[in-house]
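Each chain gets a letter, A, B and so on, in the order the sequences are listed, and its residues count up from 1. Both backbone and side-chain heavy atoms feed into the values below; hydrogens, waters and symmetry mates do not.
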There are 2 protein chains.
Amino acid sequence: MSHCHTYLKKLRDQGYRITPQREMIVQIIAHCGKHMSAEEVMEIVREKSSSINIATVYRTLDMLVENGLASKFDLGNGKTAYATGKHGPHIHLVCKHCGSVTEVSENDISAFLERIEDLYDFDCHPYHFSIHGLCGECSNSEIS
Amino acid sequence: MSHCHTYLKKLRDQGYRITPQREMIVQIIAHCGKHMSAEEVMEIVREKSSSINIATVYRTLDMLVENGLASKFDLGNGKTAYATGKHGPHIHLVCKHCGSVTEVSENDISAFLERIEDLYDFDCHPYHFSIHGLCGECSNSEIS
DNA sequence: TCCTTTATTGAGAATGCTTGCAACAAGGAA
DNA sequence: TTCCTTGTTGCAAGCATTCTCAATAAAGGA
């Protein structure tokens with residue numbers, strides 16, 4: 001069912017081994033519509049009466065992000081959220097007061113960035129941006 | 001000397017108490033041109049042969065950020081950097097490979113955001129954005 | 001100058017996440 | 001099907017940061 005198998009195939013094609021832990025984690029975040037933290041993934045794992053170490057959850061989620069199968073973003077309160085289905089650059093608007101997250105869709109990004117004032121149209125009153133990526137030097141050198 | 005006193009006065013005017021710890025921390029980051037981590041602030045404190053608890057360093061730095069006297073940004077490797085002198089929105093470009101940080105000056109922000117492709121002119125190959133601020137709801141309600 | 005109020009500090013526990021390493025197991029080769 | 005190589009896992013320790021709470025000390029008032 002769903003895109004789980006696509007995800008797993010993609011990983012296998014990249015040379016990753018498919019373990020029961022990875023299958024379960026991929027299934028969980030692929031089926032859950034919203035973004036979730038590593039701890040939330042753990043809770044669902046526990047409900048299924050199996051056990052995966054939290055380090056493995058983090059490692060698997062980060063691996064999915066590395067391979068463009070999921071995205072990861074800082075919620076600003078010391079916690080990190082993960083979600084599937086986003087590729088390429090995308091933007092999360094995080095409220096530092098209530099923690100709400102608004103996602104700017106891939107189609108809207110260009111329009112969104114055209115003018116900084118547009119932020120207010122998104123009800124976002126910014127105080128800080130971070131853009132994570134590779135600098136010129138690093139994107140020139142070969143990185144696995 | 002320098003803007004230390006301006007900073008301290010601003011804090012006092014806001015109702016904060018001026019403690020020796022706060023004076024020392026403000027002096028350190030106001031005099032140090034570059035951005036620094038809480039741990040780097042601690043090292044300088046130790047060189048001055050006094051001692052401040054690390055929790056106090058974090059609390060003071062965060063207080064400066066809250067009051068617009070400093071900025072704070074995620075270096076992407078689990079560490080956080082602080083720097084004085086920036087007000088309003090500003091952008092840090094963080095390389096996930098080498099950790100280098102490029103700052104987009106306040107004057108350049110609008111131009112920078114005009115088109116997402118401009119990122120490449122900054123030698124930034126993006127994979128993720130976060131914009132931290134207040135959502136509409138929270139910026140309407142009164143927040144201290 | 002001394003008192004009182006209340007913000008601030010230090011200490012240590014707690015949280016969220018990462019890392020090092022030995023044991024284990026996926027997946028290709030024989 | 002069995003074996004071997006090497007990627008993965010679990011565990012425990014480590015790191016950066018935050019939180020709780022009792023003790024302390026700014027700063028204003030008497």
Checklist line | Separation of C:dT8 P from B:Glu23 CD (nearest whole Å) | finding: 14 Å
Notebook entry, point to check: Using a cut-off of 4.0 Å on non-hydrogen atoms, how would the nucleic acid contact of A:Gln21 be classed: base, sugar-phosphate, or nothing?
Noted result: sugar-phosphate
Note to self: Closest approach to the side chain of B:Ile18, judged atom by atom: which nucleotide of D:dA16, C:dA26, D:dA27 is it?
What the structure shows: D:dA27
Notebook entry, point to check: Roughly how many Å is it from CG in A:Asn53 to P in C:dT18, rounded to a whole number?
Noted result: 13 Å
Item checked: Presence of salt bridge, A:Glu66 and A:Lys72, under 4.0 angstrom -> no
Next item on the list: Using whole Å, report how far CD1 of A:Ile25 lies from C1' of D:dT8.
Entry: 11 Å
Item checked: Euclidean distance, atom OH of residue A:Tyr16 to atom P of D:dT5 [Å, nearest integer] -> 24 Å
Notebook entry, point to check: Is there a donor and acceptor pair, one atom on the side chain of B:Arg59 and one on the base of C:dG10, closer than 3.5 Å?
Noted result: yes
Next item on the list: Would you kindly give the CE-to-P distance between B:Met36 and D:dA16, to the nearest whole Å?
Entry: 15 Å
Next item on the list: Could you tell me whether A:Ser51 contacts a base, only the sugar-phosphate backbone, or nothing, with contacts defined as non-hydrogen atoms closer than 4.0 Å?
Entry: sugar-phosphate
Margin query: Under 4.0 Å, heavy atoms only, any strand: does A:Ser37 hit a base, just the sugar-phosphate, or nothing?
Written below: nothing
Check: Considering only D:dT9, D:dA12, C:dA11, which nucleotide approaches the side chain of A:Ala55 most closely?
Finding: D:dA12
Next item on the list: Using whole Å, report how far NZ of B:Lys79 lies from C1' of C:dT18.
Entry: 11 Å
Next item on the list: Ignoring the backbone of B:Asp62, work out which of C:dG16, D:dT18, C:dT19 is nearest its side chain.
Entry: D:dT18
Next item on the list: Classify the nucleic acid contact of B:Ile54 as base, sugar-phosphate or nothing, counting any heavy atom under 4.0 Å across all strands shown.
Entry: nothing
Notebook entry, point to check: Taking atom types as they are modelled, is there a donor-acceptor pair under 3.5 Å from the base of D:dT6 to the side chain of A:Arg17?
Noted result: yes
Note to self: Quick check for you: among C:dA26, C:dG10, D:dA26, whose closest atom lies nearest to any side-chain atom of B:Thr56?
What the structure shows: C:dG10
Note to self: Distance check needed: D:dA26 C1' versus B:Leu8 CG, whole Å only.
What the structure shows: 14 Å
